[in-house]
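First up is the structure itself, then whatever we jot down about it.
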Protein chains: 2
Amino acid sequence: MNILEKITNELDTFSKSERKVAEVILSSPGTVIHASIAALAKQANISEPTVNRFCRRLDTKGYPDFKLHLAQSLANGTPYVNRHVDENDSAEEYTAKIFESTMANLELARKSLDTSTINRSVDLLTQANKISFFGLGASAVVAHDAQNKFFRFNVPVVYFDDILMQRMSAINSRQGDVVVVISHTGRTKSLVDVASLARENDATVIGITTAGTPLAKECNIVLSVEVAEDTDLYMPMASRIAQLTLIDCLATGFTLRRGTKFRDNLKKVKDSLRSSRFERKE
Amino acid sequence: MNILEKITNELDTFSKSERKVAEVILSSPGTVIHASIAALAKQANISEPTVNRFCRRLDTKGYPDFKLHLAQSLANGTPYVNRHVDENDSAEEYTAKIFESTMANLELARKSLDTSTINRSVDLLTQANKISFFGLGASAVVAHDAQNKFFRFNVPVVYFDDILMQRMSAINSRQGDVVVVISHTGRTKSLVDVASLARENDATVIGITTAGTPLAKECNIVLSVEVAEDTDLYMPMASRIAQLTLIDCLATGFTLRRGTKFRDNLKKVKDSLRSSRFERKE
DNA sequence: GTAAAATATGAAATAAATTTTCATATTTAC
DNA sequence: GTAAATATGAAAATTTATTTCATATTTTAC
């Protein structure tokens with residue numbers, strides 16, 4: 001296991017002094033790997049043997065070995081923690097924090113995703129007669145993006161971010177249609193309704209939402225995307241990025257399923273834009 | 001750069017003894033990170049100072065520091081690199097690859113971003129009488145998302161993904177208005193036109209695009225977001241995620257600039273949704 | 001609440017590992 | 001072939017980490 005996570009996990013089992021070390025390490029692991037045991041002890045205001053004991057408690061051979069593990073953890077990209085933006089952060093600070101927590105949450109989302117469900121969803125999407133993407137608010141953006149991707153595949157795709165259109169469209173759906181309903185909270189009443197209407201009309205409903213929510217219960221398949229609880233404070237941020245990346249996976253799965261010839265077609269779609277662009281002079 | 005690659009690259013510039021060390025390291029780097037300088041020297045049949053000099057030649061502070069770098073390189077078996085999806089990838093494989101390259105590109109984007117430009121953009125946005133977000137295709141999704149964020153701030157915000165509406169809106173702009181034009185390629189003719197129209201009408205134009213492109217040249221401020229060249233193969237993927245994260249930064253900067261009372265307001269906006277949702281039973 | 005036991009901590013001593021110094025060997029340039 | 005430059009290693013010096021042991025703190029048992 002990643003040693004930084006391990007430290008976080010075992011934080012309560014530490015003694016007072018050990019916690020001090022842990023905090024210094026967690027607050028700037030990148031500095032610690034270049035510090036001597038003496039420097040770290042001083043920074044944490046405890047003695048060197050305590051640092052040493054701390055290292056052994058975490059199943060490492062000693063301080064140098066601990067640093068090795070730490071270095072590896074850092075390399076593994078888990079310095080990306082969900083750090084919160086603070087009142088007095090400079091542009092540099094909040095930018096770093098936002099990018100980092102986005103990355104951290106993508107990592108989280110990836111771990112929580114069930115790839116066999118993705119696979120099943122791709123199955124359904126490739127066989128669909130019509131695909132609909134519905135979302136509201138921030139999730140409308142995700143649905144919008146999904147449309148932008150799937151329409152390239154030359155399948156009938158619709159996208160609505162209007163409750164009434166969604167309802168009408170859902171009522172008109174039939175066997176063989178796939179309806180993708182997107183909602184991070186999974187509690188938006190009208191979307192739950194739409195999902196249920198679509199199912200009543202024999203469409204297959206895929207939910208991109210949190211597991212166990214009212215929306216999830218109405219879906220045939222649930223693609224649940226987990227992000228840290230406290231990330232989306234006043235605005236959806238990490239959740240929609242994770243959803244969009246999931247859309248990328250579905251779209252990619254779709255193109256893979258369709259084979260080589262199909263991808264040539266994608267290139268044609270892309271090339272069709274050429275005349276609307278300025279040439280690249282190189 | 002990965003230190004193992006570096007060793008391989010510089011193999012011919014090494015002296016006879018140094019090459020011996022290099023070979024031992026390359027043949028079993030995993031063992032070396034747990035070996036002392038004495039053990040390594042013995043295994044390579046050379047003296048300890050030679051190992052030390054070898055480490056410094058590779059721009060590390062000394063042997064322990066070198067081991068740290070080596071440990072990180074090893075951990076980086078599959079770091080967040082831009083690994084490409086392959087014909088025969090399973091759902092599990094392509095999902096992992098897509099998430100990882102998204103993260104890798106966010107990292108890249110973060111490094112390329114100039115935070116002082118972000119700061120300046122936030123300045124302009126907070127002072128704007130009206131904010132417009134324009135984009136087409138995948139960038140329309142980003143503009144859509146930006147609208148979704150900024151309308152919460154109780155400032156006049158418009159978003160168009162229709163060329164004619166964008167033109168009309170640009171022509172109607174005036175001093176004090178901020179127009180944000182989004183295009184990854186920066187070569188979409190109609191958007192370049194829109195940017196130029198907006199400037200002619202005294203609006204301040206912020207471009208979220210690649211530096212040095214025709215669009216960039218028409219803008220007052222360019223927020224350039226760099227992603228790996230070969231990421232967006234047939235569909236925009238990493239580029240739009242990076243742009244969306246940048247939007248998060250701008251929105252966050254905006255709320256910070258406006259102070260505490262303003263953030264209470266955001267909470268009210270969020271709470272206003274409550275009646276449209278199912279209660280959370282906890 | 002108190003005493004005994006268990007646990008935690010740090011100062012100093014010890015041990016280990018790394019780096020520097022300097023003398024010697026090897027290579028390179030002419 | 002010789003002088004200069006470079007490379008190398010033995011030993012000393014230094015830095016760093018670990019162990020030992022005495023003391024302080026916390027927990028447990030009554």
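So you know, we letter chains A, B, ... as the sequences are listed, proteins then strands, and number each from 1.
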Side chain to side chain contact (heavy atoms under 4.5 Å, CB included) partners for A/A211, two or more places apart: A/S224
With sequence neighbours excluded, residues passing side chain to side chain contact (heavy atoms under 4.5 Å, CB included) with A/R57: A/T13, A/F14, A/E18
With sequence neighbours excluded, residues passing side chain to side chain contact (heavy atoms under 4.5 Å, CB included) with A/E23: A/R19
side-chain hydrogen bond (donor to acceptor under 3.5 Å, both in side chains) partners for B/S116, two or more places apart: B/D114
Of residues 55-66 of chain B, the positions that come close to DNA chain D - non-hydrogen atoms, cut-off under 4.0 Å: none
Results of side-chain hydrogen bond (donor to acceptor under 3.5 Å, both in side chains) for B/N148 - residues two or more places apart only: B/R152
Under the salt bridge (Lys or Arg N to Asp or Glu O under 4.0 Å) test, residues paired with B/D123 that sit two or more places apart: B/R257
Within residues 39-46 of chain A, residues whose heavy atoms come under 4.0 Å of DNA chain C: A/I46
Which residues share a salt bridge (Lys or Arg N to Asp or Glu O under 4.0 Å) with A/D59, sequence neighbours left out: A/K6
Relative orientation of the end axes in the helix from C/dG1-D/dC30 to C/dC30-D/dG1, expressed as an angle to the nearest 10° (five pairs per end): 40°
Plane angle bin for B/F54 and B/F66 - parallel if under 30°, tilted between 30 and 60°, otherwise perpendicular: perpendicular
5' to 3' contact window, DNA chain D with chain A (heavy-atom distance under 4.0 Å): D/dA17 to D/dT26
Integer-rounded Å distance: C/dA12 C1' and A/E48 CD: 11 Å
For B/S36, all residues meeting side-chain hydrogen bond (donor to acceptor under 3.5 Å, both in side chains), sequence neighbours excluded: none
